[in-house]
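Predicted model, so just to flag it, every value in this text is computed and none were measured.
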Amino acid sequence: QVQLVESGGGLVQAGDSLRLSCSSSGRTFSNYALGWFRQAPGKEREFVGGINWSRGSTAYADSVKGRFTISRDNAKNTVYLQMNSLKPEDTAVYYCAARLYGLRDRVNDYDFWGQGTQVTVSS
């Protein structure tokens, strides 16, 4: 069982930056892929980006490429989502999710989810 805890959300203005964190209690992320998803009101949950923990390889949705960066800290067993140049359309609840092995971009491919953290970007 992997328990995920996100933190770092908040209210910011357009153009600002935020860094979200996702950590696990009780299990390391070795052999896991970590995905970041978001869900805006009235919309489906969508893939933002992710990282293959062991390889360190990353992937991003087109909507965030060049603005968002995912990284990991092995010692802290934590994955980060650095969000720069935030836009009002980035407003959503952001979720961290984990699955064994390969990185995927579909919600149903992930077995473990965090509780989510709200990000609100005002114009």
Side-chain angles (χ1 to χ4, degrees):
Q1 187 75 9
V2 178
Q3 294 179 324
L4 304 172
V5 179
E6 302 103 333
S7 61
L11 171 63
V12 297
Q13 293 185 332
D16 286 350
S17 298
L18 271 179
R19 189 179 76 162
L20 306 184
S21 302
C22 174
S23 59
S24 172
S25 59
R27 186 181 288 265
T28 66
F29 286 143
S30 298
N31 297 323
Y32 281 85
L34 282 300
W36 283 100
F37 291 79
R38 67 186 182 186
Q39 188 166 19
K43 295 187 177 181
E44 293 187 353
R45 194 170 297 187
E46 64 176 2
F47 178 75
V48 173
I51 185 168
N52 183 299
W53 188 267
S54 58
R55 299 177 185 175
S57 55
T58 56
Y60 300 92
D62 288 342
S63 59
V64 305
K65 277 182 183 177
R67 300 189 298 124
F68 291 10
T69 303
I70 295 172
S71 61
R72 72 191 192 293
D73 185 323
N74 289 330
K76 296 182 178 180
N77 208 44
T78 298
V79 62
Y80 301 100
L81 176 64
Q82 177 67 45
M83 305 184 293
N84 298 330
S85 302
L86 282 162
K87 304 175 181 180
E89 51 263 43
D90 294 318
T91 296
V93 177
Y94 283 71
Y95 297 90
C96 175
R99 69 182 305 275
L100 276 172
Y101 306 120
L103 183 59
R104 299 287 186 272
D105 61 3
R106 298 189 310 172
V107 171
N108 290 342
D109 286 333
Y110 286 78
D111 302 304
F112 307 102
W113 291 84
Q115 81 287 354
T117 185
Q118 177 71 46
V119 172
T120 303
V121 184
S122 63
S123 58

Linking I/L/V/M/F/W/Y whenever their side-chain heavy atoms sit closer than 4.5 Å, directly or via other members, would [X] and [Y] fall into one cluster?
{"X": "V93", "Y": "I70", "answer": "no"}
{"X": "I51", "Y": "Y101", "answer": "yes"}
{"X": "F47", "Y": "V107", "answer": "yes"}
{"X": "L100", "Y": "V79", "answer": "yes"}
{"X": "L81", "Y": "V12", "answer": "yes"}

* Candidate list Y94, W113, Y95, test ring-ring contact (aromatic ring centres under 6.0 Å, His included), partner F37, passing option -> W113
* Begin with the C-alpha distance, continue with both residues' side-chain angles, and end with the deciding distance and a verdict on side chain to side chain contact (heavy atoms under 4.5 Å, CB included) for Q118 and T91. => CA-CA 8 Å; Q118 177 71 46; T91 296; 4.0 Å; yes
* To do: Using the salt bridge (Lys or Arg N to Asp or Glu O under 4.0 Å) rule, take D90 and K87 through it: C-alpha gap first, then chi angles, then the decisive distance, then the call.
  => CA-CA 5 Å; D90 294 318; K87 304 175 181 180; over 6 Å; no
* N52 vs S54, side-chain hydrogen bond (donor to acceptor under 3.5 Å, both in side chains): CA-CA, chis, key distance, verdict -> CA-CA 6 Å; N52 183 299; S54 58; 3.1 Å; yes
At what distance, to the nearest 0.5 angstrom, does [atom1] of [X] lie from [atom2] of [Y]?
{"X": "L86", "Y": "R67", "atom1": "CG", "atom2": "CZ", "result": "6.5 Å"}
{"X": "D16", "Y": "M83", "atom1": "CG", "atom2": "CE", "result": "11.0 Å"}
{"X": "L34", "Y": "C96", "atom1": "CG", "atom2": "SG", "result": "5.0 Å"}
{"X": "Q3", "Y": "S24", "atom1": "CD", "atom2": "OG", "result": "7.5 Å"}
{"X": "Q39", "Y": "E44", "atom1": "CD", "atom2": "CD", "result": "8.5 Å"}
{"X": "Y110", "Y": "R99", "atom1": "OH", "atom2": "CZ", "result": "6.5 Å"}

* To do: Please assess S57 against L103 for the test side chain to side chain contact (heavy atoms under 4.5 Å, CB included), listing each intermediate value before the final yes or no.
  => CA-CA 9 Å; S57 55; L103 183 59; 5.7 Å; no
Heavy-atom pair with the smallest gap, counting every atom of [X] and [Y]:
{"X": "S23", "Y": "T78", "answer": "CB-OG1, 3.6 Å"}
{"X": "S123", "Y": "A14", "answer": "CA-CB, 4.4 Å"}
{"X": "V2", "Y": "A98", "answer": "CG1-CB, 4.5 Å"}

* Looking at Y80, F68, W36, which hits side chain to side chain contact (heavy atoms under 4.5 Å, CB included) with L20? -> W36
* Return yes if some donor-acceptor pair links the side-chain N/O of E6 with the main-chain N/O of Q115 below 3.5 Å, else return no. => yes
* Check whether NZ of the Lys or CZ of the Arg R72 lies under 6.0 Å from the centre of the six-membered ring of F29 and within 45 degrees of that ring's axis. => no
